[in-house]
Amino acid sequence: MPARGAAQLSRRMGQKKQRLSEAEQPQRLPDRAQTLSPMEPCLGPPAALGPQRSIYFSGPKSHSAQLGSEFFDQPAVPLARAFLGQVLVRRLDDGTELRGRIVETEAYLGPEDEAAHSRGGRQTPRNRGMFMKPGTLYVYIIYGMYFCMNVSSRGDGACVLLRALEPLGGLETMRQLRSTLRKGTVGRALKDRELCSGPSKLCQALAIDKSFNQRDLAKDKAVWLERSPPGSSEPAVVAAARVGIGHAGEWAQKPLRFYVRGSPWVSVVDRAAEQNAQD
DNA sequence: ATTAGGATCGCCT
DNA sequence: GGCGATCCTAATC
């Protein structure tokens, strides 16, 4: 019942304007969400895997490349930079794997950071994930209808916001998750660049909702991070002001947003910042 | 109990 | 570039 699974995911995403009748929902959904499209070969690990692979797991669905807790145990700024180029993987209930290379992040530093939810040491039920161990997800609802996905870093109340991905696999499912969820017009086809170029877009595209709050990215079976393939070159990184925090005074100016220079998958390009920081 | 505001998005001009 | 949607959360009364 792949179609129904996707419908349930869709309804969990908080889109109240989605009032399709039960009868018409399956028609809007894929006839084969369970298998990847022939145009999108599985990008999972090859049959020959690294020495760390457990003998109890085999095949492309194993977490052989899942980055462990050590990776996340670093301060927010270096972690935000280290995320760039790594691959975020989301495995849906039906086995579909959605994959995207992280190309844009923001660091939130904790109590001293006036733009952070943890500013002034505020700790509330909502932002508890920011204070949990590095690698813990902090997923929250914004503007009543969208989600943002953060990963706790070293440092009390510090975390990294994931802002944009380059879609690598499962694009057809991403398109469905994104378009089904959008209100209004049935129509317009989404460009690939519209799938994951924003913090809430990527949550929609990967079916990340509040049920992922406080999960451990180093341990979870439905979402994890894989190191970029060996041989990948270090991306050139631009440091720019963070987006959408105009109220935060001097903290709004600090270059705590990081993105891959020249990537067409980034949500907001900052030409001025690119001029300044010539590598 | 009430209220103000928000780490966004998509459509409009 | 501007604006409305939409409702949860936290702070205040």
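Each chain gets a letter, A, B and so on, in the order the sequences are listed, and its residues count up from 1.
Checking B:dG10, B:dG6, B:dA7 against every side-chain atom of A:M130, the shortest atom distance belongs to B:dA7. Of the listed nucleotides (B:dC9, C:dC8, B:dA7), B:dA7 has the atom at the smallest distance from the side chain of A:I142. Nearest nucleotide to the side chain of A:N150, out of B:dT8, C:dA10, B:dA7: B:dA7. Comparing B:dA7, C:dA5, B:dC9 by their closest approach to the side chain of A:K201 singles out B:dC9. Nearest to the side chain of A:S200, among B:dT8, B:dA7, C:dT9, sits B:dT8. Distance from the side chain of A:C159 is smallest to B:dA7 among B:dC9, B:dA7, C:dA11.
Here A:R122 does not reach the OP1 or OP2 of C:dT9: none of its side-chain N or O atoms lies under 4.0 Å away. Regarding contacts with the backbone of C:dC7, every side-chain N or O of A:K210 stays at 4.0 angstrom or more from both OP1 and OP2. Considering only side-chain N and O atoms, A:R163 lies nowhere under 4.0 angstrom from the phosphate OP1 or OP2 of B:dA7. Residue A:R119 places none of its side-chain N or O atoms closer than 4.0 Å to OP1 or OP2 of B:dA7.
Side-chain polar atoms of A:R178 and A:Q204 form a donor-acceptor pair below 3.5 angstrom. Using modelled atom types and a 3.5 Å distance limit, the side chains of A:E274 and A:Y259 yield a donor-acceptor pair.
Of the listed residues (A:L162, A:L98, A:L168), just one forms a side-chain contact (heavy atoms from CB on, under 4.5 Å) with A:L88, and that residue is A:L162.
The nearest whole Å value for the distance from the CD atom in A:Q123 to the P atom in C:dA11 is 12 Å. The interatomic distance linking A:M145 (CE) with C:dT9 (P) rounds to 15 Å, in whole Å. C:dT9 atom C1' lies 9 Å from atom OH of A:Y138, rounded to whole Å. Whole-Å rounding puts the A:N127 CG to C:dC8 P distance at 18 Å. Straight-line distance from the CD1 atom of A:I141 to the P atom of B:dT8: 15 Å, rounded to whole Å. Residue A:F147 contributes atom CZ, which lies 12 Å from atom P of C:dC7 at whole-angstrom precision. Rounded to whole angstrom, the span from the NZ atom of A:K191 across to the C1' atom of B:dG10 amounts to 13 Å. Going from atom CG of A:L202 over to atom C1' of B:dA7 covers 12 Å, rounded to whole Å.
Evaluation of A:Y108 against the base of B:dA7 yields a stacking contact (centre distance < 5.5 Å, interplanar angle < 30°). In this structure, the aromatic ring of A:Y143 is positioned over the six-membered ring of the base of B:dT8, centres within 5.5 Å and planes within 30°.
Looking at DNA chain C, the stems built from 3 or more consecutive Watson-Crick or G-U wobble pairs, each pair with its key distances under 3.5 Å, are B:1-6 with C:7-12, B:8-12 with C:1-5.
In summary, A:D73 and A:K133 do not engage in a salt bridge, as defined by a charged side-chain N under 4.0 Å from a carboxylate O. Looking at A:R242 and A:D270, no side-chain N of the basic residue comes within less than 4.0 Å of a carboxylate O on the acidic one, giving no salt bridge.
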Quiz item: Are A:S267 and A:R163 close enough, and set up right, to give a side-chain hydrogen bond (donor to acceptor under 3.5 Å, both in side chains), and what steps lead you there?
Solution: CA-CA 7 Å; A:S267 69; A:R163 285 197 55 94; 3.1 Å; yes
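Aromatic ring orientation, A:F72 versus A:F83: tilted (interplanar angle from 30° to 60°).
Within the 4.0 angstrom heavy-atom criterion, base atoms lie near A:L161.
Under the 6.0 Å distance and 45° angle rule, A:R128 does not count as a cation-pi partner of A:F131.
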